[in-house]
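Let me begin by presenting the structure, written as structure tokens, before commenting on it.
Remember, predicted model here, so these are calculated numbers, not experimental data.
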Amino acid sequence: MSCFCGRGSQDLFQNCCNSNTLCQFDGDISSLKPEPIYVQKVYDAVAFHLQGMKSVSGQSFSPCIPCGHRIRRVVDIRCRKKFNPDNVDDPTNLKLDVHTSISGATFLKNSAGETLTAVGADGNFSEKLLFADTSSCDDQCMGTPVFGTQNICITGNVIIELDLLLCDSCNNESVFTICTEVCVAEKQQPLVLTNFFEICMPSAIDTAFLPRFTEFCSSACESRLATNNHGRDLCIDPDGTVTANLIIAICVTCEKKIVVPVQLCVLSTGFVQAPIQQNAICQTFPGLFPNQIRPCDTREQCGEQEEETESDNACRRDCCDPCSECECRDSCEDSCDACRNRAGRSGRPQPRR
């Protein structure tokens, strides 16, 4: 048993790891098996890259640079999103609040006026049910266009780190890192990005499941000095505090999808089984998933299974009854011997020949 998970080495100072490879294929096509799966098919999708800008003047950084040092140049500028894992509702977390309205179709609502949602691939209720009169486009064997407007409200903070190359009075150089937290926008006045899109939806008439609309976005941030000159954009106060003029860019990628439930046949090399880590106390452990029930799997797991007719079953019941005389006893002697052995172990009288 390894105590180091998927680490490339057992070095305790190695803080990164490799993931387990759950799927392997030896290249033998004969090992492929067809499997039916019930999934969601992406009917249509559109993706966007959006950018929001914010300028900051006189932003203070900490800690203060040591006394007697001066800044020779900026080595690196890093920006990352603020996220508090202990409180996802922390207002300082960088958040994207996406609002989408559509024309040409309708999001289904219940009697209370709440939008109906279904469970998406992310495991959350993130899919909205769509309805539109698609009959005209259905007659042409085509999809129905839907137009939408997207507003993304960005709030929260980002963390910016500067790596400075410092030089002391003896011209000794050293890299010194300073950090600050910048508010991009507050909830009362968010940074809003607007975008328009067109997407195609399948038939909402000839289907057992209505089309579903889902969307998701991801954000990152980049920062730079306002004029790309540290002499103009960085100032050092008498106490060593560094202030900077910065430009912060919030980079957003969004994708909209129309999905429908479907059944697919896929070629599989077998079921996934993660490598087991266990102690030496228990010798056997239960399985996590049931076995397959195809004929080839049944033979592999339980051997050949003989098919029996109703007359064979009746004869076998008579022969295995210790108190009955069976006309076909000779034809099922082997099975009766097995039954008599079981009857002997259970204390029941055995039939006489």
Side-chain angles (χ1 to χ4, degrees), residues 40-54 81 83 88-91 93-140 142-158 183-221 248-262:
Q40 297 188 84
K41 172 186 179 298
V42 177
Y43 184 82
D44 192 19
V46 290
F48 315 99
H49 285 164
L50 304 175
Q51 178 179 281
M53 305 289 293
K54 179 180 177 63
K81 299 179 292 183
F83 179 70
V88 295
D89 296 323
D90 190 337
N93 292 340
L94 188 68
K95 298 180 181 179
L96 303 180
D97 193 5
V98 183
H99 301 275
T100 301
S101 59
I102 59 173
S103 59
T106 303
F107 292 135
L108 264 63
K109 298 181 180 180
N110 58 17
S111 59
E114 301 171 343
T115 302
L116 296 179
T117 56
V119 177
D122 57 354
N124 298 317
F125 288 90
S126 58
E127 296 181 351
K128 301 177 181 179
L129 303 183
L130 272 176
F131 179 78
D133 185 2
T134 60
S135 56
S136 60
C137 291
D138 292 345
D139 294 340
Q140 304 179 45
M142 299 181 67
T144 301
V146 176
F147 303 90
T149 302
Q150 168 188 265
N151 290 317
I152 303 177
C153 298
I154 303 175
T155 59
N157 300 357
V158 296
C183 177
V184 175
E186 296 181 350
K187 187 175 182 179
Q188 295 76 12
Q189 294 181 332
L191 176 63
V192 180
L193 306 180
T194 302
N195 188 55
F196 305 95
F197 64 92
E198 178 183 349
I199 198 166
C200 187
M201 67 175 288
S203 175
I205 307 300
D206 187 19
T207 176
F209 306 96
L210 289 175
R212 303 173 182 183
F213 176 84
T214 184
E215 57 187 347
F216 43 85
C217 299
S218 180
S219 63
C221 69
I248 301 172
I250 306 298
C251 312
V252 179
T253 300
C254 287
E255 187 166 342
K256 318 287 184 181
K257 293 180 183 293
I258 299 290
V259 297
V260 289
V262 295

Answer yes or no: is the gap between the SG atoms of Cys217 and Cys254 smaller than 2.5 Å?
-> yes
What residues, two or more places apart in sequence or in another chain, satisfy side chain to side chain contact (heavy atoms under 4.5 Å, CB included) together with Cys153?
-> Asp97, His99, Pro190, Val192
Using the test side chain to side chain contact (heavy atoms under 4.5 Å, CB included), find all partners of Lys41 that sit at least two apart in sequence or belong to another chain.
-> Tyr43, Val260, Val262
Quick one: does [X]'s side chain get under 4.5 Å of [Y]'s, heavy atoms only?
X: Leu96; Y: Ile154; answer: yes
X: Val98; Y: Thr100; answer: yes
X: Ile250; Y: Val158; answer: yes

With Lys54, which residues qualify under salt bridge (Lys or Arg N to Asp or Glu O under 4.0 Å), at least two apart?
-> none
Applying salt bridge (Lys or Arg N to Asp or Glu O under 4.0 Å) to Glu198 and not counting sequence neighbours gives none
[X]: side-chain hydrogen bond (donor to acceptor under 3.5 Å, both in side chains) partners, not counting sequence neighbours:
X: Asp138; result: Thr134, Ser203
X: Asn93; result: none
X: Lys95; result: none
X: Glu186; result: none

Pairs flagged by side chain to side chain donor-acceptor pair (under 3.5 Å) wherever residues 111-123 is involved - sequence neighbours left out | Asn110-Glu114, Asp122-Ser126
Which residues satisfy the ring pair (Phe, Tyr, Trp, His ring centres under 6.0 Å) test with Phe125, sequence neighbours excluded?
-> none
Donor-acceptor pairs are to be reported for all side-chain atoms of residues 145-152 against protein atoms at under 3.5 Å, with residues two or more places apart or in another chain.
{"residue": "Gln150", "atom": "OE1", "partner": "Lys256", "partner atom": "NZ", "Å": "2.3"}
{"residue": "Asn151", "atom": "OD1", "partner": "Thr194", "partner atom": "OG1", "Å": "2.8"}

Can I get a per-line list of side-chain donor-acceptor pairs under 3.5 Å for residues 205-212, giving both atom names and the distance, sequence neighbours left out?
{"residue": "Thr207", "atom": "OG1", "partner": "Phe209", "partner atom": "N", "Å": "3.0"}
{"residue": "Thr207", "atom": "OG1", "partner": "Phe209", "partner atom": "O", "Å": "2.6"}

